[in-house]
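Predicted model only: the values in this text are computed from it and were never measured.
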Amino acid sequence: MFRRKTNSPHDQENGEQKSESKVSELKSALGPLSGRSLRYCTDACLRRYLEARNWNVDKSKKMLEDTLNWRSTYKPEEIRWHEVASEGETGKVFRANFHDRCGRTVLILRPGKQNTTSLDNQIRHLVYLIENAILNLPEGQEQMAWLIDFSGWSFSTNVPIKSARDTVTILQNHYPERLAVAFLYSPPRIFEAFWKVVKYFLDPKTFQKVKFVYPKNKDSVELMRSYFDVDNLPVEFGGKATLQYDHEEFSRLMAQDDVKAADLWGFDEKPKHGTNGYSGAEMVPEPERLVPLAS
């Protein structure tokens, strides 16, 4: 919204000034925050919500307040790996050991390896891994990439429409501008009927980030390779690397990350320095219940 067609330093500076003005306006509209809400609402965070709502302060405020209320009840930052580890035994969703060309964290999703039936637990597992992906972003990078492998996918392992809708809702409403791109690699023809329903849950911004890749379609393959080094990309996605998921090893990594998350969110009650859009300010005690925010 704030970018002009030219790329002159003057125009860029004006755009940045307008952006900062909107951030300040949104910050004032939110009013005083405390505890984890204060830690969450960094300037980088506010920019993401503004971007998601086309820099409309009122709409961004409403969206952010909804997220703060959701986080106060769902408490995604408090989920620990041991609570969701059983969901990850088959490696249906996990954080890859490589990044894309921009340094983004990569989540690999393999719906054909679905191993449970509880939709609530499946969503909780995914939320945990989204938080973990954000935790592991390098300094200055705020987005992740998704690689979705359809090997073994069928109607028997299909994600229920409700689960897909809930996933989309959480991603769009509570993690705006965290997804840079999602590559759906070689989905089977029967997936088309499922996609025709799911795509209506996507807002235009998210819809544009979903890319279908077919091995025989040169343009789609080249697009994905523009995001990933082929030497890092697993064979399952047309690359040269071997994709291995060791549940025990991954569990050890997640246990280590749980300690990092506790430090980041101040569970040890010591001031910490966060990155990737989370504040390093010392937190004041979180109220037991978040006071309903004005809409």
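Remark: Y49 engages no residue in a ring pair (Phe, Tyr, Trp, His ring centres under 6.0 Å) (not counting sequence neighbours). With sequence neighbours excluded, the residues satisfying side chain to side chain donor-acceptor pair (under 3.5 Å) with S118 are N121. Listed by chain and residue number, nothing satisfies the side chain to side chain donor-acceptor pair (under 3.5 Å) test with R165 (two or more places apart in sequence, or in another chain). By the ring pair (Phe, Tyr, Trp, His ring centres under 6.0 Å) test, Y245 pairs with F94, H247, F250, sequence neighbours left out. Applying the side chain to side chain contact (heavy atoms under 4.5 Å, CB included) criterion to P215, with sequence neighbours excluded, gives Y185, S186. Considering only residues two or more places apart in sequence or on other chains, K59 meets the side chain to side chain donor-acceptor pair (under 3.5 Å) condition with none of them. Under the side chain to side chain donor-acceptor pair (under 3.5 Å) criterion, Q256 pairs with no residue, sequence neighbours left out. Taking R110 as the reference, nothing meets the salt bridge (Lys or Arg N to Asp or Glu O under 4.0 Å) condition, with sequence neighbours excluded.
Counting heavy atoms from C-beta on, the side chains of N173 and D66 never come closer than 4.5 Å. The side-chain heavy atoms of I134 and R178, taken from C-beta on, include a pair separated by under 4.5 Å. Within the 4.5 Å cutoff, side-chain heavy atoms of R71 are placed close to those of P76. Between K162 and D166 the shortest side-chain heavy-atom distance falls below 4.5 Å. Side chains of S220 and F183 form no contact here, defined as non-hydrogen atoms less than 4.5 Å apart. With contacts defined as side-chain heavy-atom distances shorter than 4.5 Å, the pair N115/E89 qualifies. The shortest distance between side-chain heavy atoms of V181 and Q143 does not fall below 4.5 Å. Using a 4.5 Å heavy-atom cutoff, the side chains of K62 and D58 are not in contact.
The list of side-chain hydrogen bond (donor to acceptor under 3.5 Å, both in side chains) pairs with a residue in residues 97-107, not counting sequence neighbours, reads D100-R104. Sequence neighbours left out, the pairs with a member in residues 193-207 that pass side-chain hydrogen bond (donor to acceptor under 3.5 Å, both in side chains) are Q172-T206, D203-T206. For the side-chain hydrogen bond (donor to acceptor under 3.5 Å, both in side chains) condition, the pairs that include at least one residue of residues 78-88, sequence neighbours left out, are R36-E78, W81-S251, E83-R124, E87-K92, E87-T116.
Under the 4.5 Å side-chain heavy-atom criterion for grouping Ile, Leu, Val, Met, Phe, Trp and Tyr, V168 is not connected to L119 through any hydrophobic cluster. Transitive grouping of hydrophobic side chains (ILVMFWY, heavy atoms separated by less than 4.5 Å) keeps L129 and V259 in distinct clusters.
Remark: side-chain polar atoms of S60 are not paired, donor with acceptor, to backbone N or O of R53 under 3.5 angstrom. With K260 contributing its side chain and L135 its backbone, the two residues share no donor-acceptor pair below 3.5 Å. Under a 3.5 Å cut-off, the side chain of N136 and the backbone N or O of N132 do form a donor-acceptor pair.
Minimum interatomic distance between A133 and M144 (heavy atoms only, all atoms of both residues): CB-SD, 3.9 Å. Minimum interatomic distance between L46 and L64 (heavy atoms only, all atoms of both residues): CD1-CD2, 3.8 Å. Shortest non-hydrogen contact noted between A44 and E142 is CB-OE2, 2.8 Å. Among all heavy-atom pairs drawn from P188 and W153, the shortest one is CG-CE3, 3.5 Å. Of all the heavy atoms in R48 and P176, the pair that sits closest is CD-O, 3.5 Å. Heavy atoms only, all atoms of each residue included: K209 and A180 are closest at CG-O, 3.5 Å.
The pair E51-K22 does not meet the salt-bridge criterion, since no charged nitrogen lies less than 4.0 angstrom from a carboxylate oxygen. A salt bridge links E20 with R47: at least one charged nitrogen is closer than 4.0 Å to a carboxylate oxygen.
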Should H174 and V127 be marked as a side-chain contact (heavy atoms from CB on, under 4.5 Å) after you check the CA-CA gap, both sets of side-chain angles, and the distance that decides it?
CA-CA 10 Å; H174 304 312; V127 167; over 6 Å; no
Working for side-chain contact (heavy atoms from CB on, under 4.5 Å), residues L50 and S19:
CA-CA 9 Å; L50 284 162; S19 171; over 6 Å; no
Please report the C-alpha distance between D258 and Y128 in whole Å, then the side-chain angles of each, then the deciding distance to 0.1 Å, and finally whether the side-chain contact (heavy atoms from CB on, under 4.5 Å) criterion is met.
CA-CA 10 Å; D258 284 349; Y128 171 88; 2.8 Å; yes
Set out, in order, the CA-CA distance, both residues' side-chain angles and the distance that settles side-chain contact (heavy atoms from CB on, under 4.5 Å) for H125 and I79, then state yes or no.
CA-CA 9 Å; H125 174 238; I79 303 173; over 6 Å; no
Identify all side-chain donor-acceptor contacts of residues 221-244 below 3.5 Å with residues at least two apart in sequence or on another chain.
unit_1, atom_1, unit_2, atom_2, d
R225, NH2, G238, O, 3.0
S226, OG, L223, O, 2.5
D229, OD1, D231, N, 2.9

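Between K75 atom NZ and E77 atom CD the span is 7.0 Å, to the nearest 0.5 Å. Taking CG of L26 as the reference point, atom NZ of K61 lies at 9.0 Å (rounded to 0.5 Å).
Using cut-offs of 30° and 60° for the angle between ring planes, the F194 and F191 rings count as tilted.
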